[in-house]
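Reminder, nothing fancy here: chain letters follow the sequence lines and each chain counts from 1. On a predicted model such as this, the values are computed, not experimentally measured, just so you know.
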Protein chains: 2
Amino acid sequence: MATVAGVAGISRRQQYSAATRRALLRAAEQLFAVRGYAATSLDAIVSDAKVTKGALYHHFSGKQGIFEAVLSDLEDQAARSITKAMKGAKDPWDQARAGLTAFLEVLREPAYSRLVVHEAPTVLGPQRFAEQEERSTFAVLRNVVSGVLNGDALGVDSQMQETFSRIFFGALAAAGDAIVESTDPSAATQRVEAAFGLLLDGMRSLVGTPERADGDAEISGS
Amino acid sequence: MATVAGVAGISRRQQYSAATRRALLRAAEQLFAVRGYAATSLDAIVSDAKVTKGALYHHFSGKQGIFEAVLSDLEDQAARSITKAMKGAKDPWDQARAGLTAFLEVLREPAYSRLVVHEAPTVLGPQRFAEQEERSTFAVLRNVVSGVLNGDALGVDSQMQETFSRIFFGALAAAGDAIVESTDPSAATQRVEAAFGLLLDGMRSLVGTPERADGDAEISGS
DNA sequence: GCGTTTGGCATACCGCCGGTATGCCACGTA
DNA sequence: TACGTGGCATACCGGCGGTATGCCAAACGC
């Protein structure tokens, strides 16, 4: 014990340690987002954070370790933002629309797009990246897809829902790139939403639940 | 002049030079595909090719240079394979189906999937990667999309076709990953083709092709 | 209060990697 | 046959990720 300020039983050493850890994460996220993973040196990170490599290797396992920590922060933040944006939706299709817009908004921040979508799969490897994603944004998307394709006339089982989720995830990532690299992002966003609207309307016309929307009892754990 | 063997006016020096260049490309493609770009050292490449770094830097501008050469080979090969597979198709939707199957086949070879789809965007940067893709597989896909969405009732201009192409490209890449990482690739391929079939049928029902919109909406391809 | 322990770093150093500078030598050319 | 040059090999450099070591104040036991 021996706490100094009565915050929550946190000693001064722990406060300082957490501060340096946050500084490292902050500097790393900035540099990774701007220069990319390979072009970012640990010396640059610790220089920006005003510490040394000893501090970095005390808090993280190495370059990949601090990268995963940055990723984890970004994914948690993104997942919260998307789930929050889907709160008011009534039927699953409206929820899908809201989630789509929110996801596109997340993809427009350079850190998420570059690090989570592009760099993470090659840096972490496919299976480790899948583990990361399975607990955050991909889980959200999977719930949305499950809500849309549940209880339809077509034979869409859980494996098909997984397949659809993977496909839509890739489609959304590419759409985010198209928006970011566009000269007119707002116009590009409108085109992307129009394109996905066409895809969703097409699926809805086939699945054949225009407004019934019966099986939306449990879509997400919100 | 002064040709040794009368092949086609190619001197012995040029033959040797081309041979070492091919050996370098071959070794680089192998190592890049297996270990990835970052984990592949130039020493390993020149060791496998049984030359030295002097030879590599004589033929290529550096690590990124030989990587781009490998990419160029892979993309040309892929584009030829896909266009060849689409030769027999008559209506645009059938062409899209054939191109889809052929593209999924290409994505199953590790070199293309890992290098072109995953590593290339981060190694080359977005705009340089776009230049590469614009001349090969992406151009093919864009033609297919253009054929499908041309002259429809909906207001789909060229920019929307570009957007659709980008989205489908991302979707196909993710689908390829899902297939490769699956424990049962053939079953995963059937699921992917069923999912894209649903998407295409949905679009077709909206676009409203007058002729033969037969309801072959079989989802499970098993 | 006081020695002791230990978490939280800083410093110094190592091996490897991408890239460059230099040199050489057989092949092509006249 | 003499010369010029393409096609490499060799040697070396700065920077990188990672490790080993040391120190020092803050926490803890008494």
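Remark: C1' of D:dC28 and CD of A:Q14 are 13 Å apart, rounded to the nearest angstrom. As a whole-Å value, the separation of A:Q15 CD from C:dG7 P is 18 Å. Rounded to whole angstrom, the span from the CZ atom of B:F60 across to the C1' atom of D:dC8 amounts to 14 Å. One can place OH of B:Y16 at 18 Å from C1' of D:dA9, the figure rounded to the nearest angstrom. Residue B:I10 contributes atom CD1, which lies 15 Å from atom C1' of C:dG28 at whole-angstrom precision. Regarding A:L56, its CG atom lies at a distance of 10 Å from the P atom of C:dA10, rounded to whole Å.
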*nucleotides 11-22 of chain D: protein proximity per nucleotide (B base, S sugar-phosphate only, - neither; heavy atom, under 4.0 Å)*: -----SBBB---
Using a 3.5 Å cut-off and no angle test, enumerate the donor-acceptor pairs between side-chain atoms of residues 20-27 of chain A and protein atoms at least two apart in sequence or in another chain.
residue	atom	partner	partner atom	Å
A:T20	OG1	A:S17	O	2.8
A:T20	OG1	A:H59	NE2	3.2

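In this structure, CD1 in A:I66 is found 10.5 Å from OG1 in A:T40, a value given to the nearest 0.5 Å.
The ring pair (Phe, Tyr, Trp, His ring centres under 6.0 Å) test applied to B:F67 returns B:F32, B:Y37, not counting sequence neighbours.
At the phosphate of C:dC9, OP1 or OP2 sits under 4.0 Å from a side-chain N or O atom of A:T20. Between B:R12 and the phosphate of C:dC27, there is a side-chain N or O to OP1/OP2 separation shorter than 4.0 Å. Regarding contacts with the backbone of C:dG8, a side-chain N or O of A:S17 is found under 4.0 angstrom from either OP1 or OP2. Residue B:S11 places none of its side-chain N or O atoms closer than 4.0 Å to OP1 or OP2 of C:dC27. Between A:H58 and C:dG7 there is no side-chain polar atom (N or O) within less than 4.0 angstrom of OP1 or OP2.
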_Working note: B:S165 + B:R142, criterion side-chain hydrogen bond (donor to acceptor under 3.5 Å, both in side chains); need CA distance, chi angles, decisive distance, verdict._
CA-CA 5 Å; B:S165 302; B:R142 201 182 194 288; 5.0 Å; no
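Counting heavy-atom neighbours within 6.0 Å of B:E162 CD, excluding the residue itself, gives a total above 12. The 12-atom threshold is not exceeded at CD of A:Q30, counting heavy atoms of other residues, nucleotides or ligands nearer than 6.0 Å.
Using bins of under 30°, 30° to 60° and over 60° for the plane-to-plane angle, the ring pair B:F169/B:F138 lands in the perpendicular bin.
Under 3.5 Å, the side chain of A:R13 and the base of C:dG7 form at least one donor-acceptor pair of N or O atoms.
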